[in-house]
Amino acid sequence: MSEWQDQVPEDEAPGGPVVREVDQPVSSEGELERLIAVQVRQYRQSLGLTIGEMAARAGISKPMLSKIENARISCSLTTLARLAAALDVPVTALFRGADTGREAVFTAAGEGARIVQRGSRVGHDYRLLGALRGPHKRMEAHLVTLTEKSEVFPLFQHPGTELLYMLEGEMIYGHGDASYRMSPGDALQLDGEGAHGPRGLLKLPIRFLSVVAYGDVQT
């Protein structure tokens with residue numbers, strides 16, 4: 001073995017050189033390191049691998065892997081890629097659970113905001129159940145209740161895709177030139193750009209859930 005090989009630091013063998021890690025105690029803000037530690041340990045154990053076996057597969061040393069699993073070191077991107085490859089998971093799997101600030105909207109029964117639409121005066125009630133908005137998505141959900149028959153029904157057009165799920169009653173729902181007879185348990189997914197709305201109320205009261213998902217163009 002050459003003199004250079006004798007001096008290769010243990011943390012860079014086997015498997016060739018890797019970017020050196022920062023071997024220092026993780027601060028109180030090291031939540032990401034602790035999360036990676038948990039994920040690596042759980043994936044390794046699910047595969048039935050010892051620390052030595054896992055280290056060999058990832059091309060890092062046992063001491064290095066031990067530090068990672070105990071959140072005592074900040075991994076480089078190179079090491080994260082090696083760990084993911086050894087565990088046969090995408091790199092993103094090692095960060096699972098890091099998105100802790102995601103939005104959620106809870107609406108208690110009967111407390112949804114009432115939305116005034118055409119038809120509200122003739123027994124058509126629209127309750128907003130919640131709306132999620134973000135840089136790449138927007139979603140709105142309504143509980144629609146129809147309690148009185150009317151001769152003229154409002155038509156709707158909007159960007160995105162809408163899902164209707166029938167809860168109670170029976171109606172004819174139109175989308176473009178097509179008509180669909182809907183009963184409890186029936187679902188209809190449609191392109192919101194096409195004119196749509198009830199065409200006939202067959203059995204009252206009618207209740208259905210309307211969920212609209214908008215595309216990335218929405219802000």
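Along the sequence shown, residues carry numbers from 1. Because only heavy atoms are used, hydrogens play no part in the values below, and waters and symmetry mates are left out as well, while side chains stay in. All figures in this text were calculated on a predicted structure; none of them were measured in a lab.
- Val144 is not listed as a side-chain neighbour of Leu164, based on a closest heavy-atom distance of 4.5 Å or more.
- To the nearest 0.5 Å, atoms CG (Leu65) and NZ (Lys67) are separated by 11.5 Å.
- Cluster annotation: Leu202 is not connected to Met166 through the hydrophobic network of ILVMFWY side chains, with a link wherever side-chain heavy atoms come within less than 4.5 Å.
- At a threshold of 4.5 Å between side-chain heavy atoms, the hydrophobic network of Ile, Leu, Val, Met, Phe, Trp and Tyr places Met64 and Val38 in two separate groups.
- With rounding to the nearest 0.5 angstrom, the CZ atom of Arg72 is 13.5 Å from the CD atom of Glu33.
- Interatomic distance, Ser46 OG to Leu87 CG, rounded to the nearest 0.5 Å: 7.5 Å.
- Taking 4.5 Å as the limit, every side-chain heavy atom of Met54 sits out of range of all side-chain heavy atoms of Tyr43.
- Side-chain N or O atoms of Arg82 include one that pairs as donor or acceptor with a backbone N or O of Ala58 at under 3.5 Å.
- What you find for Ala37 and Ala71 is that their closest heavy atoms are CB-N, 3.8 Å.
- Contact detail for Val91 and Ala81: the closest heavy-atom pair is CG2-CA, 4.1 Å.
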Sequence neighbours excluded and cut-off under 3.5 Å, please list the side-chain donor-acceptor pairs for residues 204-213, or say none.
{"residue": "Arg207", "atom": "NE", "partner": "Glu168", "partner atom": "OE1", "Å": "3.0"}
{"residue": "Ser210", "atom": "OG", "partner": "Glu162", "partner atom": "OE2", "Å": "2.5"}

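- Residues Val40 and Phe95 are members of one and the same hydrophobic cluster, defined by side-chain heavy-atom contacts under 4.5 angstrom among Ile, Leu, Val, Met, Phe, Trp and Tyr.
- Side-chain atoms of Gln39 do not come within 3.5 Å of backbone N or O of Ile36 as any donor-acceptor pair.
- By the rule that hydrophobic residues join a cluster once side-chain heavy atoms approach within less than 4.5 Å of another member, Ile172 and Leu167 end up as members of separate clusters.
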(request) Evaluate side-chain contact (heavy atoms from CB on, under 4.5 Å) for Asn70 paired with Ser66, printing each intermediate quantity in order. (result) CA-CA 6 Å; Asn70 287 281; Ser66 178; 3.6 Å; yes

(request) Run the numbers on Leu35 and Leu94 for side-chain contact (heavy atoms from CB on, under 4.5 Å), then give the verdict. (result) CA-CA 8 Å; Leu35 178 65; Leu94 301 182; over 6 Å; no

Atom pairs and distances, side-chain donor-acceptor, residues 182-193, under 3.5 Å, sequence neighbours left out:
{"residue": "Asp186", "atom": "OD2", "partner": "Ser183", "partner atom": "N", "Å": "2.7"}
{"residue": "Asp191", "atom": "OD1", "partner": "Glu193", "partner atom": "N", "Å": "3.0"}

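- By the 4.5 Å heavy-atom criterion applied to side chains, Ile60 and Leu83 are counted as neighbours.
- With rounding to the nearest 0.5 Å, the separation of OG1 in Thr79 from CD1 in Ile73 is 7.5 Å.
- Within the structure, ring pair (Phe, Tyr, Trp, His ring centres under 6.0 Å) contacts touching residues 158-205 (residues at least two apart or in different chains) are His158-His196.
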